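Note that the structure is a prediction, hence the values are computed from the model and not measured. Just so you know, residue 1 is the first one in the sequence shown, and it goes up from there.
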Amino acid sequence: MNKRQLQKQFTREKIIAAAKEIFIEKGIINTATSQIAEAAGIAHGTLFLHFPSKDALVIELLDVELLKFNSAIKQLIVTTSSIEKVLDQYLLLIIQEEGFFSTLARELPYYKSELRRKILFRESLIREHFHQAIKRGVKDDIYAKIDIPSALTFLFGTINYYLSLKTSFVQKGSVIEKFHYQIIDTFLKILEK
């Protein structure tokens with residue numbers, strides 16, 4: 001990478017980091033691109049050289065976060081057939097980035113349909129890892145023969161419920177940490193033979 005490309009990458013990363021902080025603090029809907037540019041220490045127009053819209057920036061940030069999730073979950077699924085371990089790791093990853101995911105879950109119904117569709121598509125990629133692990137467990141006679149998509153809708157719906165109503169459950173700290181083991185225990189009961 002030459003110096004210009006490195007500078008461009010550095011600016012892009014600064015924008016993403018600034019956006020993440022402001023989105024967590026103010027919400028995505030209430031954040032103006034000018035606020036992100038100011039926090040990143042760049043001209044407002046420079047932001048649009050990197051991201052054509054705020055929605056494009058949200059999707060890029062989501063992709064950056066989910067790439068970490070995807071890699072960790074994918075690697076874990078290869079090494080274990082335990083959905084308990086996979087779910088535990090997934091919840092720990094959410095806890096690390098809970099501020100951002102809580103904002104997404106809380107505001108999702110209010111986003112434009114295109115942005116909502118892109119967010120849900122990205123979530124479905126993570127769900128697919130769970131689907132494959134459960135399917136393998138059913139085949140290996142570890143789990144009951146269940147409707148896997150419905151079970152996963154319950155699981156992800158539960159997680160999103162807690163994230164979207166975080167302040168109703170905890171004043172400080174992590175809502176997912178608070179309900180971590182209850183989520184795992186309840187989901188494992190669904191899978192029981």
Side-chain angles (χ1 to χ4, degrees), residues 16 20 23-24 28 58-111 113-193:
I16 291 169
K20 182 178 175 184
F23 289 161
I24 291 168
I28 295 168
V58 170
I59 291 300
E60 178 73 18
L61 176 54
L62 182 60
D63 285 346
V64 166
E65 296 302 330
L66 290 181
L67 183 62
K68 297 177 220 171
F69 282 45
N70 201 22
S71 299
I73 299 299
K74 201 174 192 179
Q75 184 178 13
L76 191 58
I77 285 175
V78 170
T79 61
T80 183
S81 60
S82 169
I83 199 68
E84 181 176 4
K85 288 180 183 175
V86 174
L87 182 52
D88 181 61
Q89 180 64 39
Y90 179 69
L91 294 175
L92 290 173
L93 289 165
I94 288 177
I95 290 167
Q96 291 173 12
E97 300 299 337
E98 190 170 305
F100 177 65
F101 286 103
S102 180
T103 299
L104 272 180
R106 185 177 58 253
E107 293 185 351
L108 186 66
Y110 307 105
Y111 296 152
S113 61
E114 181 67 13
L115 178 58
R116 225 178 20 252
R117 187 187 63 75
K118 287 178 179 179
I119 291 168
L120 293 173
F121 171 74
R122 280 153 178 83
E123 181 186 89
S124 74
L125 298 175
I126 298 293
R127 286 172 66 129
E128 182 58 25
H129 292 310
F130 281 87
H131 186 101
Q132 292 306 317
I134 295 168
K135 187 175 173 181
R136 192 169 58 241
V138 169
K139 183 179 173 240
D140 294 344
D141 206 31
I142 298 168
Y143 306 126
K145 291 181 181 175
I146 59 165
D147 178 19
I148 298 171
S150 293
L152 290 175
T153 297
F154 170 80
L155 174 63
F156 283 83
T158 299
I159 293 167
N160 284 327
Y161 173 78
Y162 286 128
L163 288 171
S164 66
L165 296 173
K166 177 179 178 168
T167 56
S168 297
F169 293 106
V170 294
Q171 297 307 308
K172 287 186 175 189
S174 167
V175 68
I176 297 301
E177 188 172 2
K178 179 177 181 176
F179 292 103
H180 185 132
Y181 295 106
Q182 289 171 319
I183 293 169
I184 292 171
D185 290 343
T186 301
F187 193 63
L188 290 176
K189 284 185 173 102
I190 291 170
L191 300 178
E192 274 180 6
K193 285 191 63 134

So, taking the atom named [atom1] in [X] and the one named [atom2] in [Y], what distance separates them when rounded to the nearest 0.5 Å?
X: I126; Y: I94; atom1: CD1; atom2: CD1; answer: 9.0 Å
X: H131; Y: I148; atom1: NE2; atom2: CD1; answer: 4.5 Å
X: E123; Y: L108; atom1: CD; atom2: CG; answer: 8.5 Å
X: I24; Y: F101; atom1: CD1; atom2: CZ; answer: 10.0 Å
X: L152; Y: D147; atom1: CG; atom2: CG; answer: 9.0 Å
X: H180; Y: I183; atom1: NE2; atom2: CD1; answer: 8.0 Å

May I ask you to decide if F130's main-chain N or O and Y90's side chain share a donor-acceptor pair within less than 3.5 Å? no

Are any side-chain N or O atoms of S102 and backbone N or O atoms of L163, one a donor and one an acceptor, separated by less than 3.5 Å? yes

Non-hydrogen atoms of I83 and Y143 that approach each other most closely: N-OH, 2.9 Å

Of V86, L93, L91, L87, the residue whose pairing with Q89 passes side-chain contact (heavy atoms from CB on, under 4.5 Å): L93

Result block: side-chain N/O donor-acceptor pairs under 3.5 angstrom for residues 185-193, not counting sequence neighbours:
{"unit_1": "T186", "atom_1": "OG1", "unit_2": "Q182", "atom_2": "O", "d": "2.8"}
{"unit_1": "K193", "atom_1": "NZ", "unit_2": "D141", "atom_2": "OD1", "d": "2.4"}
{"unit_1": "K193", "atom_1": "NZ", "unit_2": "D141", "atom_2": "OD2", "d": "3.4"}

When you look at K166 and I176, which way does the side-chain contact (heavy atoms from CB on, under 4.5 Å) test go after all the steps? CA-CA 9 Å; K166 177 179 178 168; I176 297 301; over 6 Å; no

Show me the donor-acceptor pairs, under 3.5 Å and distance only, between side chains in residues 66-76 and residues at least two apart or in other chains.
{"unit_1": "K68", "atom_1": "NZ", "unit_2": "E65", "atom_2": "OE1", "d": "3.0"}
{"unit_1": "N70", "atom_1": "OD1", "unit_2": "H129", "atom_2": "NE2", "d": "2.3"}
{"unit_1": "S71", "atom_1": "OG", "unit_2": "L67", "atom_2": "O", "d": "3.0"}

V58 vs Y111 side-chain heavy atoms within contact, under 4.5 Å: no

The side chain to side chain contact (heavy atoms under 4.5 Å, CB included) partners of F169 (sequence neighbours excluded) come to Y161, Y162, L165, V175, F179

Quick one: do R127 and T153 satisfy side-chain contact (heavy atoms from CB on, under 4.5 Å)? Show the steps, please. CA-CA 9 Å; R127 286 172 66 129; T153 297; 3.0 Å; yes

Could you walk me through whether T167 and R106 satisfy the side-chain contact (heavy atoms from CB on, under 4.5 Å) test, starting with their C-alpha distance in whole Å, then the side-chain angles of each, then the deciding distance to 0.1 Å, before giving a yes or no? CA-CA 10 Å; T167 56; R106 185 177 58 253; over 6 Å; no

Verdict with supporting geometry, E98 and I95, side-chain contact (heavy atoms from CB on, under 4.5 Å): CA-CA 5 Å; E98 190 170 305; I95 290 167; 4.2 Å; yes

More than 12 heavy atoms of other residues, nucleotides or ligands under 6.0 Å from CD of Q132: is that the case? yes

